[in-house]
Amino acid sequence: MPEIKVTPLGAGQDVGRSCILVSIGGKNIMLDCGMHMGYNDDRRFPDFSYITQNGRLTDFLDCVIISHFHLDHCGALPFMSEMVGYDGPIYMTHPTKAICPILLEDFRKITVDKKGETNFFTSQMIKDCMKKVIPLNLHQTVQGDYNMTPDRHLGAAWIDKCRPDILISESTYATTIRDSKRCRERDFLKKVHESIERGGKVLIPVFALGRAQELCILLETFWERMNLKAPIYFSTGLTEKANHYYKLFITWTNQKIRKTFVQRNMFEFKHIKAFDRSYADNPGPMVVFATPGMLHAGQSLQIFKKWAGNEKNMVIMPGYCVQGTIGHKILNGQRKLEMEGRATLDVKLQVEYMSFSAHADAKGIMQLIRMAEPRNMLLVHGEAVKMEFLKGKIEQEFNCYMPANGETATVTTNPSVPVDISLNLLKREMALGGNLKLVSSEQALKELGLNEHQLRFTCRVQLQDPYSDADTLHRIYTHLKSVLKGYTIQHLPDSTVMVESIVIKVSSSAEDTNTKVLLLSWSYQDEDLGSFLSTLLKKGLPSGLC
């Protein structure tokens with residue numbers, strides 16, 4: 001029986017560093033290649049030594065598929081391709097290809113230029129890595145994180161009832177069932193408004209893409225409706241570039257934004273301005289969106305340090321924070337933080353958690369599973385204890401796995417072969433009491449004593465060549481040998497050249513011996529190659545061929 005093997009190199013019973021190795025049909029495919037926000041050592045990247053202890057990964061991987069541009073899904077790409085070594089294809093969507101290098105360069109600047117780390121990828125490595133990317137359109141690949149609830153800029157995830165052998169799902173919020181989105185939005189706006197009214201400052205740590213745009217649209221609409229004057233800022237640079245790409249890829253957003261685009265672009269904000277770091281010391285209320293979203297580095301952490309001592313101020317965490325980050329610590333009630341250089345920071349400002357995450361909750365995960373009806377389920381990108389709980393729920397309806405990093409889950413498949421058969425034939429066989437059996441076409445022809453009918457395409461090509469027919473044929477053979485690498489090309493004694501199933505014959509025109517008529521013939525299996533050869537030969541033969 002054929003098998004599918006799935007091995008997490010990252011995100012196995014853990015959040016972040018998403019990297020799943022799938023072996024199927026003799027091919028090895030890597031799904032995502034992310035980094036971990038909670039580590040600053042070798043553990044931040046997936047463990048590629050599972051694939052090979054030494055040497056490049058190219059010989060062991062057939063392709064890499066990146067689901068989306070969040071760093072926990074693409075942050076290790078340049079490290080993998082340029083430092084470990086991988087020259088094969090990397091697939092991602094057009095928006096991901098546009099935005100991914102911006103996030104990677106920002107990540108590199110924080111890690112190398114600000115923190116001074118050395119063993120890290122360079123700007124040139126990011127550029128070289130992106131040259132290996134092959135962009136895809138929507139519905140050609142599946143998103144790594146998903147949400148079953150539509151938001152203000154993207155639609156809900158959807159999948160057909162495809163009944164796959166295995167469905168791999170993230171499980172970040174494996175035990176969470178959120179309240180309605182409308183209630184969350186109302187509570188969010190109420191808390192921001194109350195803080196502003198009492199003269200406080202509100203910090204909203206976000207990642208540059210996704211939640212930033214979602215919450216910007218929400219506050220922009222609220223400020224317009226309430227005619228509020230307190231300034232709203234977003235940290236310049238990364239989010240500014242991100243908004244540019246949201247404008248550029250407006251057709252990938254939800255239907256409401258696409259429809260209003262004719263009147264105005266929802267990502268051109270009237271009330272939200274670019275932030276300068278000097279503004280953090282300005283008196284009076286303000287709202288600031290700053291990256292990154294887990295308060296582990298960058299501008300959001302710098303602003304948090306300045307505002308943490310004032311109880312009028314507020315920080316609203318709109319998404320998941322991995323263990324080890326400042327965001328995770330304050331959400332767990334820690335009020336004294338040890339910062340760099342052993343300095344301590346007293347946290348007096350209000351800390352609020354309001355989930356506007358891109359991840360589905362437990363209800364959404366179950367909804368997607370029931371949509372797809374997989375034969376087997378595999379959970380990744382979640383905390384072990386919470387995954388165990390969700391696994392128990394899933395196993396009431398489906399078989400489920402949750403391997404740790406480096407562990408392999410093996411699923412035996414039973415491939416079905418669809419067969420078209422006429423109803424009359426089926427009725428006749430049933431009436432005769434005969435037993436139908438499924439055999440290969442070759443075996444059926446052999447048992448019936450029939451020869452297989454060959455369907456072939458033919459094409460005539462004229463070219464000017466002042467040589468004999470035999471010399472022209474030899475020149476064609478030499479030309480094709482130089483152009484077509486990896487194909488079987490033969491010069492046969494019966495004065496033909498064969499390229500795979502394609503037969504090429506040469507004859508001179510009756511009117512002009514310098515005009516050669518090439519007859520190309522190929523089977524339907526080689527239709528693309530046949531079309532390519534006819535186009536190539538129409539251009540003529542290069543001079544200097546022997």
Side-chain angles (χ1 to χ4, degrees), residues 10-11 13-18 34-45 70-72 75 106-107 110-111 114-115 117 171-176 178 184 187-188 191-192 195 200-208 210-212 215 235 280 287-359 361 381-387:
Q13 299 182 15
D14 189 17
V15 176
R17 193 176 45 185
S18 185
M35 52 80 68
H36 199 294
M37 299 288 189
Y39 297 122
N40 292 319
D41 51 24
D42 290 344
R43 293 173 296 172
R44 66 153 60 100
F45 295 133
H70 287 162
L71 286 176
D72 56 342
D106 187 70
F107 176 39
I110 291 171
T111 308
K114 293 186 180 177
K115 293 186 178 177
E117 294 189 31
S171 51
T172 315
Y173 289 97
T175 57
T176 303
R178 300 192 191 100
R184 268 178 285 142
D187 290 347
F188 169 77
K191 288 186 189 308
V192 171
S195 185
K201 295 174 170 62
V202 181
L203 172 63
I204 307 171
V206 288
F207 290 106
R211 294 321 94 195
L215 296 174
S235 55
V287 179
V288 177
F289 291 97
T291 59
M294 298 186 190
L295 290 176
H296 58 282
Q299 201 157 63
S300 63
L301 182 57
Q302 297 307 314
I303 297 169
F304 175 77
K305 288 177 184 176
K306 287 190 174 189
W307 294 357
N310 190 334
E311 55 197 25
K312 278 186 182 181
N313 298 336
M314 178 184 290
V315 59
I316 298 178
M317 306 299 295
Y320 184 86
C321 294
V322 300
Q323 204 163 350
T325 59
I326 297 293
H328 185 270
K329 289 173 183 174
I330 62 171
L331 285 176
N332 279 278
Q334 205 168 318
R335 286 287 166 174
K336 277 194 180 295
L337 301 172
E338 190 174 311
M339 311 304 284
E340 290 177 8
R342 292 196 163 279
T344 57
L345 180 69
D346 288 326
V347 180
K348 295 180 181 177
L349 84 178
Q350 285 181 260
V351 178
E352 299 287 346
Y353 174 70
M354 309 198 73
S355 178
F356 287 90
S357 173
H359 301 274
D361 62 2
H381 205 279
E383 296 171 27
V385 176
K386 294 178 180 178
M387 289 171 88

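Annotation: side chain of Lys191 is in contact with side chain of Met354 (closest heavy-atom distance under 4.5 Å). Side-chain contact check for Glu117 versus Asn40: some heavy-atom pair is nearer than 4.5 Å. Side-chain contact between Arg335 and Val351: present, with at least one pair of heavy atoms (C-beta onward) separated by less than 4.5 Å.
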Show me, pair by pair, the donor-acceptor contacts under 3.5 angstrom made by side chains of residues 308-315, not counting sequence neighbours?
residue, atom, partner, partner atom, Å
Asn310, OD1, Lys312, N, 2.9
Asn313, OD1, Lys201, N, 2.9
Asn313, ND2, Trp307, O, 3.2

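Considering every non-hydrogen atom in both Ile110 and Ala297, the closest pair reads CG2-CB, 3.9 Å. Looking at every heavy atom in both residues, Met317 comes nearest to Leu331 through CG-CD2, 3.8 Å. Summarising the geometry of Gly382 relative to Val15, their closest heavy-atom pair is CA-CG2, 3.7 Å, with the distance given to 0.1 Å. Nearest heavy-atom pair across Leu295 and Ser300 is CD2-O, 3.5 Å. Annotation for Pro205 and Pro292: closest pair CB-O, 3.7 Å, computed over non-hydrogen atoms. Across every non-hydrogen atom of Gly75 and Met35, the tightest pair is CA-CG, 3.6 Å.
From Arg44, atom CZ reaches atom CG of Leu71 across 11.5 Å, with rounding to the nearest 0.5 Å. Rounded to the nearest 0.5 Å, atoms OG1 (Thr291) and CG (Asp106) are 6.0 Å apart. The structure places NE2 of His36 at 9.5 Å from OG1 of Thr325, a figure rounded to the nearest 0.5 Å. Interatomic distance, CG of Leu203 versus CD of Gln302, reported as 11.5 Å (0.5 Å rounding). Note that the NE2 atom of His328 and the CD atom of Gln334 stand 10.0 Å from one another [nearest 0.5 Å]. One distance of note links CZ of Phe188 with CG of Leu215; it measures 4.5 Å at 0.5 Å rounding.
Side-chain atoms of His381 never come within 3.5 Å of backbone atoms of Arg17 as a donor-acceptor pair (strictly under, hydrogens ignored).
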* Would Leu301 and Met339 count as a side chain to side chain contact (heavy atoms under 4.5 Å, CB included) if you check the C-alpha gap in whole Å, the side-chain angles of each, and the deciding distance to 0.1 Å? -> CA-CA 11 Å; Leu301 182 57; Met339 311 304 284; 4.0 Å; yes

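Heavy atoms of other residues, nucleotides or ligands lying less than 6.0 angstrom from CG of Asp42 number 12 at most. Around CD of Gln323, the count of heavy atoms belonging to other residues, nucleotides or ligands within 6.0 Å does not exceed 12.
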